[in-house]
Amino acid sequence: VAFATTFLTFLPLWFAGAPFTLPFMPYVRQLTGYSSSINLNSTSMYAIFMWNSITNGSDIKALSTFGMIFTVICSFVLISTLAMKRVKVTYKSLFTIATFTVLMVPFVMPHMHDRYFYLAETFLVMYACTKINRIHLPIMQQVSGLFAYSCYGIIQPNWFLNDKNGQQIALCTGALLNMGSLGFLIYDLAH
């Protein structure tokens, strides 16, 4: 359905005479457009290891390849574990899996921006509404988001985030909060 919808949105361009490849070009540019940094002000795992400060292109390419493979492995482990445990498919289990997935994927994928965590922020608010003992998760995610947005000067106290080191500390702190949220969600998935 998603692919069919995407192609339907391309029809007006093609009827107007645009080349067949034109609607795909933004996606092609995105694949290569962010190859100079492994982390783009996100609170992903790459902020913890300060990999976004590496400037060597071959190192970034190797880390990028590792990150993509690691994301596939994490997804495969999640799916196979759920299948082996024969998790009963209910609205609650699907929502827990979806919440975990929308946080896990941008956390382990390379070249992520802070905006890729928006969906996780939204899902964690809804998750806390269904599971009140997890009210701390959306709070942790919002604080993590504030640390990411601080790199843009929106919230930037001079005593802390006025240089690259301060921004790196902020991103690492946000990444640790995301890791904590993932830990809670793994616990919930296991139970």
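Quantities reported herein were computed from a predicted structural model and do not represent experimental measurements. Excluded from the calculations below are hydrogen atoms, water molecules and symmetry mates; all remaining heavy atoms, backbone and side chain alike, are included.
- Between atom CD of residue Q141 and atom CG of residue N178 there is a gap of 4.5 Å, rounded to the nearest 0.5 Å.
- Contact between G67 and P110 at its shortest, heavy atoms only, is C-CD, 3.7 Å.
- Aromatic ring pairs are classed by plane angle as parallel below 30°, tilted from 30° to 60° and perpendicular above 60°; the pair Y116 and H113 is tilted.
- Minimum interatomic distance between T43 and A148 (heavy atoms only, all atoms of both residues): CG2-CB, 3.9 Å.
- No side-chain heavy atom of T173 sits under 4.5 Å from any side-chain heavy atom of V143.
- Shown here for C74 and V108, the closest heavy-atom pair between the two residues is SG-CG1, 4.5 Å.
- I69 belongs to a hydrophobic cluster with I73, V77, counting contacts under 4.5 Å between side-chain heavy atoms of Ile, Leu, Val, Met, Phe, Trp and Tyr, direct or through other members.
- The neighbour count for F95 CZ, taken as heavy atoms of other residues, nucleotides or ligands under 6.0 Å away, is above 12.
- For C172 against A47, the heavy-atom pair with the smallest separation is SG-O, 2.7 Å.
- From L177, atom CG reaches atom CD of Q142 across 11.5 Å, with rounding to the nearest 0.5 Å.
- The aromatic rings of F70 and F66 lie parallel to each other, their planes meeting at an angle below 30°, with 60° marking the opposite boundary.
- Across all non-hydrogen atoms, the minimal contact from A175 to S44 is CB-O, 3.3 Å.
- For residues 126-138, the set of pairs meeting the side-chain hydrogen bond (donor to acceptor under 3.5 Å, both in side chains) definition, not counting sequence neighbours, comprises Y127-D188, R134-D188.
- In the model, S42 has no side-chain atom that pairs as donor or acceptor with a side-chain atom of D114 under 3.5 Å.
- Within the 4.5 Å cutoff, the side chain of Y118 has no heavy atoms near those of the F123 side chain.
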